[in-house]
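Take a look at the structure below.
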Amino acid sequence: MRVKSARFVKSCADPSAAGEFAPQICVAGRSNCGKSTLLNMLMGARLCKTSQTPGRTRLINIFEVTADIPFFFVDLPGYGYSKAHRSLSDEWNERTDKYFKCGNDIAQVLCLMDIRREEPSDLDKVLINYLRDLGLPFTVVLTKADKLSRAQTGKAVIKIAAALGLARDNLIVTSGESGAGKDALLDRIRSVLEVNQPL
Ligand SMILES: Nc1nc2c(ncn2[C@@H]2O[C@H](COP(=O)(O)OP(=O)(O)O)[C@@H](O)[C@H]2O)c(=O)[nH]1
Ligand SMILES: [Mg+2]
């Protein structure tokens, strides 16, 4: 799929205020795992602020994407930065939990993980199990692949897939720096949007 244009729509503190935007492809992951960088790569524009300082985004940011099938990207707050975020049931998570449960039309959750962390964090695992429990469709997107060699990448993918109990084709390897994985991920988004469309 080719993205024709994209624009920032709004930031919201209240997740139910996102309901009018549909369908949504949302992006979740630890602070600093590369969410903003990946979204900028996919949208072909620097619409998201990237940051050296983890834990900046506390709001839900919504972007409208014009493509073969139009949709909205939803950038969720990152988890795992503050010590207060030890579990997915604390204060950080209230907003995200509400986002997932308040009836948004979520076509896919992209769960981003830094490919260099060969063992997904407990919070990553909690998120995956949480999405499984809710029956929400997700894809694991490994970020920052430019930091690893080809051989290291292959090994990391096998390890992370095994740790999460996923088949290899549920993981997409990307780099916001080099653009690797962009087409594969946009194709995945296209196919989930096709399934999501009313007949
Ligand atoms: N080498 C490399 N660095 C990246 C990549 N994606 C993000 N980064 C860096 O990681 C840091 C956090 O990125 P950001 O997109 O703001 O992460 P977010 O907190 O998940 O939104 C920044 O310093 C980025 O430049 C990538 O694909 N390759
Ligand atoms: Mg960000």
Side-chain angles (χ1 to χ4, degrees), residues 3 6-13 15 18 24-65 72-86 88 90-93 95-96 99-100 108-128 130-131 138-157 160 164 171-186 188-189:
V3 169
R7 70 177 184 97
F8 171 74
V9 178
K10 69 170 178 174
S11 297
C12 27
Q24 299 175 10
I25 302 285
C26 82
V27 177
R30 292 176 69 92
S31 295
N32 224 34
C33 71
K35 290 181 297 300
S36 299
T37 305
L38 185 91
L39 282 173
N40 285 337
M41 171 185 71
L42 294 173
M43 295 190 290
R46 293 185 61 85
L47 299 175
C48 290
K49 285 191 199 101
T50 58
S51 169
Q52 305 288 350
T53 321
R56 278 285 176 76
T57 320
R58 290 271 172 274
L59 299 170
I60 291 169
N61 294 304
I62 300 171
F63 302 87
E64 180 174 25
V65 180
F72 293 86
F73 269 132
V74 176
D75 187 13
L76 297 174
Y79 52 80
Y81 169 60
S82 146
K83 286 211 173 71
H85 301 161
R86 278 182 303 265
L88 282 185
D90 59 26
E91 152 264 323
W92 165 80
N93 185 55
R95 189 168 286 167
T96 315
Y99 167 77
F100 285 121
Q108 190 81 179
V109 184
L110 304 179
C111 300
L112 270 57
M113 297 177 199
D114 187 326
I115 195 167
R116 293 171 299 174
R117 298 178 61 99
E118 289 197 3
E119 179 60 30
S121 74
D122 289 344
L123 288 177
D124 291 329
K125 291 179 188 165
V126 169
L127 175 68
I128 297 292
Y130 171 89
L131 296 173
F138 63 87
T139 299
V140 172
V141 176
L142 301 178
T143 60
K144 311 192 188 184
D146 57 285
K147 298 269 194 188
L148 297 186
S149 71
R150 201 176 249 268
Q152 288 171 321
T153 299
K155 275 189 205 154
V157 171
I160 296 167
L164 296 172
L171 288 78
I172 296 179
V173 176
T174 66
S175 162
E177 292 284 319
S178 74
K182 179 177 178 177
D183 292 344
L185 189 45
L186 286 172
R188 169 67 63 101
I189 290 170

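It should be emphasised that the depicted structure is a prediction, and the values quoted were computed from it without experimental measurement. Just follow the structure's listing: the first ligand is 1, and inside any ligand the first atom is 1.
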Distance, nearest 0.5 Å, that separates CE of Met113 from CG of Asp124: 4.0 Å
Proximity flag Asp146 to ligand 1, non-hydrogen atoms under 4.0 Å: yes
Test item, Gly29 contacting ligand 1 (heavy atom, 4.0 angstrom): no
N/O separation below 3.5 Å, [X] to ligand 1:
X	result
Ala145	no
Thr143	no
Asn32	yes
Gly176	yes

Which atom of Asp114 lies closest to which atom of Thr143, heavy atoms considered: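 So the minimum-distance heavy-atom pair works out to CA-OG1, 3.4 Å.
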Nearest heavy atoms of Thr153 and Ala145, plus distance in Å: OG1-O, 4.3 Å
side-chain contact (heavy atoms from CB on, under 4.5 Å) between Ile128 and Phe138, intermediate numbers included: CA-CA 8 Å; Ile128 297 292; Phe138 63 87; 3.7 Å; yes
Gln24 side-chain N/O to Ala18 backbone N/O, donor-acceptor pair under 3.5 Å: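 Side chain of Gln24 to backbone of Ala18: a pair is present.
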N, O or S of Ser36 under 2.8 Å from the Mg ion (ligand 2):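 Given the 2.8 Å cut-off, Ser36 counts as a ligand of the Mg ion (ligand 2).
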Winner among Val27, Thr174, Asn61, Thr37 once heavy atoms are compared against atom 14 (P) of ligand 1: Thr37
Polar side chain donor-acceptor pair, Asn61 to Ser11, under 3.5 angstrom: yes
Element-labelled atoms of ligand 1 that are located less than 4.0 Å from some non-hydrogen atom of Ser175: 27 (O)
Salt bridge flag under 4.0 Å for residues Glu119 and Lys125: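 Salt bridge flag = yes for Lys125 with Glu119.
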